[in-house]
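In this text the structure is predicted, and so the values were computed from the model without any measurement. Atoms within a ligand are numbered from 1 in the order they appear, just like the ligands themselves.
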Amino acid sequence: MKIYINGEFFPQKEAKVSIFDHGFLYGDGAFEGIRSYKRRVFRLKEHIDRLYETAHTLMIQIPLAKEEMRSAIVATLKVNSLDDAYIRVIVTRGEGDLGLDPRKCIGRPNVIIIADKITLYAKELYNKGMEIITVPTVRNYPEALNPQLKSLNYLNNILAKIEANNAGYAEAIMLDNQGYVAECTGDNIFIVKNGVLSTPSQGRLKGITLDTVLMLARSRTIEARERFITRHEVYTADECFLTGTAAEIIPVVKVDGRVIADGKPGEITLKMMAMFKALTRKSGVSY
Ligand code: PXG
């Protein structure tokens, strides 16, 4: 595997950054997770835009223009000869001292691109559906650390993931600071009731897969809403599924011990999975 660091490719063992990098010391940086299918990068523009938006709020000046970032991502895929890949783009504050102060990071931000494979959940879960729980750790308050920032500090989500894992589950629902459903630790959540799709409007990452599902649904005149959702509505939904670049679309059949409808992946969920699969194979930036 060859890893891109600041314009050069390194073998995995030699791909290193300083331990004084504030990305390592403080989680001070931004990242993106992107997928390519059959040599096409899915929604690359949207991922790059989101990365630059996170960096903008963190006041990290990415030392590449968006077009250069796009070329660097494509070059990393080519160098690694990957037809289907999971791409991780990382931008750190760069090397500083042992204090928090970002102004002490005098070097440039580090830009790292890793292209590899990822399988988040077992294949059978995509057929059978998964069981998830709600965990006590609430999603970050938007005015403390906005969930829209895809920052390198994922401890909020990791604490929730640990709670899920401790209880024997692979994924968890996180509530927002008012107790409404926000999202999962690394995925967005949808419910279907009476043929209408709904996803939380607040307290969550603006998922690119979520956005794709909304677009696909509306293109088929399936009503799709972003609104406040309670756990009761999840328990009593006709269908439930999660979305994410890594997870893609995965059905959920049990939440907090409550079986969702008949305990099988729903019709609209299956339709969305099929439409998503078809779209990923026919759109995107070719390389
Ligand atoms: N919510 C959160 C908190 C995420 O981190 C999503 C939703 C889905 O967004 P996209 O744009 O990918 O549809 C994410 C992204 C993992 C892992 O190992 C998951 C993500 C990122 C990095 C690692 O589960 N998901």
Side-chain angles (χ1 to χ4, degrees), residues 23 27 29-37 41-54 73 85-91 112-122 125-126 130 132 134-135 137-142 144-165 169-176 181-190 197 199-217 224 226 229 240-250 252 272-273 275-277 279-280 283-284:
F31 81 99
E32 270 301 318
I34 311 170
R35 263 191 198 273
S36 72
Y37 300 87
V41 192
F42 188 63
R43 303 199 71 177
L44 181 55
K45 181 185 183 301
E46 288 82 352
H47 282 286
I48 291 177
D49 286 347
R50 189 170 65 183
L51 179 71
Y52 280 70
E53 284 185 1
T54 297
I73 291 168
Y86 179 77
I87 304 137
R88 176 62 55 87
V89 184
I90 301 152
V91 179
I112 297 151
I113 307 171
I114 309 167
D116 201 357
K117 304 259 177 197
I118 195 174
T119 321
L120 216 52
Y121 303 120
L125 288 179
Y126 288 84
M130 70 192 308
I132 61 173
T134 309
V135 291
T137 295
V138 297
R139 196 73 176 95
N140 283 326
Y141 288 30
L145 181 59
N146 197 315
Q148 290 189 25
L149 295 177
K150 227 168 143 56
S151 86
L152 291 180
N153 187 324
Y154 248 50
L155 284 176
N156 181 224
N157 313 58
I158 290 165
L159 285 172
K161 190 75 146 184
I162 289 169
E163 289 162 350
N165 293 164
Y169 295 87
E171 185 53 295
I173 292 181
M174 300 180 76
L175 305 178
D176 72 3
V181 173
E183 61 178 335
C184 292
T185 68
D187 307 302
N188 290 113
I189 184 166
F190 278 85
L197 271 165
T199 194
S201 49
Q202 79 305 324
R204 59 154 172 87
L205 182 74
K206 280 191 176 189
I208 289 165
T209 320
L210 174 152
D211 184 65
T212 306
V213 165
L214 292 177
M215 197 182 74
L216 286 171
E226 293 171 79
I229 295 175
C240 179
F241 62 87
L242 311 183
T243 64
T245 298
E248 302 175 300
I249 300 178
I250 185 158
V252 171
M272 286 299 143
M273 289 169 75
M275 286 172 78
F276 182 77
K277 188 168 180 182
L279 182 69
T280 56
S283 65

Would you mind listing each N/O atom of ligand 1 next to any protein N/O under 3.5 Å, plus the distance?
residue, atom, partner, partner atom, Å
ligand 1, 1 (N), Glu183, OE1, 2.6
ligand 1, 5 (O), Lys150, NZ, 3.3
ligand 1, 5 (O), Tyr154, OH, 2.4
ligand 1, 11 (O), Arg50, NH1, 2.8
ligand 1, 11 (O), Arg50, NH2, 3.0
ligand 1, 11 (O), Ile208, N, 2.7
ligand 1, 12 (O), Thr245, N, 2.9
ligand 1, 12 (O), Thr245, OG1, 2.5
ligand 1, 13 (O), Ile208, N, 3.3
ligand 1, 13 (O), Thr209, N, 2.9
ligand 1, 13 (O), Thr209, OG1, 2.6
ligand 1, 25 (N), Gly186, O, 2.9

Item to check | Under 3.5 Å donor-acceptor, Asp211 side chain and Lys206 backbone | outcome: no

Item to check | Option among Asn140, Leu145, Asn146 that satisfies the side-chain contact (heavy atoms from CB on, under 4.5 Å) test with Pro142 | outcome: Asn146

Checklist entry - Does a side-chain N-to-carboxylate-O contact under 4.0 Å join Arg204 and Glu226? => result yes

Checklist entry - So Phe241 and Phe190, would you call those rings parallel, tilted or perpendicular, with 30° and 60° as cut-offs? => result parallel

Checklist entry - Partners of Asp49 by salt bridge (Lys or Arg N to Asp or Glu O under 4.0 Å), sequence neighbours excluded? => result Lys45, Lys66

Checklist entry - When you look at Thr212 and Arg43, which way does the side chain to side chain donor-acceptor pair (under 3.5 Å) test go after all the steps? => result CA-CA 9 Å; Thr212 306; Arg43 303 199 71 177; 2.7 Å; yes

